[in-house]
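When reading the values below, keep in mind they use all heavy atoms of this one structure, side chains included, and skip hydrogens, waters and symmetry mates. Sequence lines set the chain letters: A, B, ... in the order given, protein chains first and strands last, and positions in each chain run from 1.
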Amino acid sequence: MEMTILFYVFAVLTVGSAFAVVFARSLIYSAFSLLFTFMGVAGLYVLLSADFIAVAQIMVYIGGILILLVFGVMLTRQVTDVEIRTSAFRTLPATVVVGLALGTLIVIFIRTKWMQVHTIPDIEGTTMELGELLLTTFVLPFEVAGILLLVAIMGAALIARR
Amino acid sequence: MFEIGLTHYLIVSAILFSLGVLALSIRRNAVLMLMGVELILNSANINLLAFSRYKGLALEAHVFALFVIILAAAEAAVALAIVLHIYRTNNTIEADRISALKE
């Protein structure tokens with residue numbers, strides 16, 4: 001029962017603030033709504049018993065990506081400027097098309113008979129198993145991801161400085 | 001009441017995905033389009049973790065979700081560097097006013 005209430009709280013938080021991200025008049029409001037979207041998604045991860053991913057979500061998305069996006073907003077506009085308001089264009093046709101696609105997806109999701117296992121193995125958190133998987137089965141992608149991050153950081157610094 | 005199942009999570013992620021696509025298609029500002037991409041990546045992650053949970057906690061999906069987060073971080077850093085560079089050369093980041101790749 002509590003799970004149901006918590007799910008709806010997080011789902012409403014996520015979807016509502018995602019609406020605000022898309023339709024807010026000011027870029028800064030969009031960035032701050034994105035904060036609540038990421039928090040809501042992290043809550044959903046906890047309900048899905050993915051504790052490590054939830055913490056990673058908060059640290060990487062809110063601590064890293066959101067800060068970067070706010071910097072992007074601040075550095076490309078003067079905050080007091082009127083121009084910080086952004087316009088939307090072709091709103092109606094885009095909304096209709098996306099709404100149709102969303103309706104199709106939801107109908108498919110409801111009609112499909114998913115195979116669901118409601119019980120989960122009794123383990124204390126996923127961190128230990130996840131660490132073992134990362135350093136045994138998935139060690140090659142893990143190292144490649146490290147190199148990718150290094151290259152991305154160097155590339156970003158190079159592009160932004162020029 | 002209604003027990004929360006796989007379908008509930010899938011519907012939340014579908015809504016999040018549609019909002020991300022909407023942000024990409026109706027907003028002109030490049031930073032806002034990036035936010036749309038982040039919404040789409042988040043919805044993909046919800047899908048992965050929901051399928052993992054309702055398959056009896058398959059941890060391979062968690063590894064995959066972790067790589068999605070890593071890629072999102074790298075993508076955001078590079079994309080914002082490009083946006084800053086475009087702002088410096090074109091003095092705007094409205095996507096439909098940028099038509100040249102170099103000055």
Side-chain angles (χ1 to χ4, degrees), chain A residues 3-4 7 11 14-15 18-19 21-22 27 30 34 37 41 44-45 48-50 52-53 56-57 60 64-65 68-69 72-73 75-76 86-91 94-95 98 101-102 105-106 109-110 114 116-117 120-121 126 129-130 133-134 138 141 145 148-149 152-153 155-156 159-160 162, chain B residues 1-12 14-19 21-23 25-29 31-32 34-36 38-39 42 45-46 49-50 52-57 59-60 62-63 65-67 69-78 80-85 87 93 96:
Chain A
M3 290 293 257
T4 311
F7 170 80
T14 308
V15 171
F19 261 101
V21 171
V22 181
L27 266 179
S30 291
L34 204 59
T37 311
V41 172
L44 289 178
Y45 291 171
L48 288 166
S49 48
F52 184 79
I53 305 291
Q57 161 93 3
V60 176
I65 295 178
L68 267 181
L69 285 172
V73 174
L75 286 178
T76 52
T86 55
S87 52
F89 73 129
R90 291 199 294 271
T91 311
T95 313
V98 170
L102 175 65
L105 275 180
I106 288 181
F109 285 157
I110 291 177
W114 300 103
Q116 292 188 32
V117 184
I120 52 171
T126 57
E129 279 80 359
L130 205 55
L133 269 181
L134 270 182
F138 296 100
L148 174 92
L149 277 177
I153 284 294
I159 295 171
R162 220 179 358 209
Chain B
M1 217 175 67
F2 311 110
E3 200 187 350
I4 299 299
L6 179 59
T7 317
H8 295 78
Y9 289 99
L10 291 185
I11 289 176
V12 170
I15 298 174
L16 217 55
F17 174 78
S18 315
L19 285 171
V21 174
L22 205 58
S25 49
I26 70 173
R27 306 303 297 256
R28 294 168 167 155
N29 189 288
V31 177
L32 229 145
L34 274 180
M35 294 182 194
E38 303 302 339
L39 287 184
N42 264 301
N45 257 354
I46 293 181
L49 293 178
S52 147
R53 160 70 181 77
Y54 287 103
K55 209 177 154 292
L57 211 60
L59 280 177
E60 285 83 1
H62 289 209
V63 178
L66 204 58
F67 282 122
I69 293 180
I70 293 172
L71 284 180
E75 170 256 353
V78 174
L80 273 168
I82 293 175
V83 166
L84 286 186
H85 192 69
Y87 181 70
I93 51 167
D96 56 347

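- For a residue to count as touching a neighbouring chain, one of its non-hydrogen atoms must lie under 4.5 Å from one of that chain's; by this rule F109(A) touches chain B with backbone and side chain alike.
- In this structure, N45(B) and V41(A) have side chains that are not in contact, with every pair of non-hydrogen atoms separated by 4.5 Å or more.
- With contacts defined as side-chain heavy-atom distances shorter than 4.5 Å, the pair I53(A)/I69(B) qualifies.
- Between L48(A) and I46(B), the closest heavy-atom pair is CD1-O, 4.2 Å.
- Here CD1 of I26(B) is found 4.5 Å from OG1 of T91(A). Values are rounded to the nearest 0.5 Å.
- The two residues G72(A) and L80(B) come nearest to each other via the heavy atoms CA-CD2, 3.9 Å.
- In terms of heavy atoms, L66(B) sits closest to L134(A) at CD2-CD1, 3.8 Å.
- If you measure heavy-atom distances from L34(A) to chain B, the contacts under 4.5 Å come from the side chain alone.
- Under the rule for a ring-ring contact (aromatic ring centres under 6.0 Å, His included), Y45(A) has no partner lying at least two apart in sequence or in another chain.
- For the pair Q116(A) and G5(B), the tightest heavy-atom approach, listed with the atom from each and the gap, is OE1-CA, 3.9 Å.
- Interface residue I70(B): backbone and side-chain heavy atoms are both found under 4.5 Å from chain A.
- A pairwise comparison of heavy atoms in I65(A) and A76(B) identifies CG2-CB, 4.0 Å as the closest pair.
- Ranked by non-hydrogen atom pairs under 4.5 Å with chain B, the options T37(A), T14(A), L133(A), T95(A) are led by L133(A).
- Heavy atoms closer than 4.5 Å to chain B are found in the side chain of V60(A), but not in its backbone.
- In F52(A), the CZ atom is not crowded: 12 or fewer heavy atoms of neighbouring residues, nucleotides or ligands sit closer than 6.0 Å.
- Proximity to chain B (any heavy atom under 4.5 Å) is shown, for A94(A), by both the backbone and the side chain.
- Heavy atoms of L44(A) lying under 4.5 Å from chain B belong to its backbone as well as its side chain.
- Side-chain contact between E38(B) and V21(A): absent, with no pair of heavy atoms (C-beta onward) separated by less than 4.5 Å.
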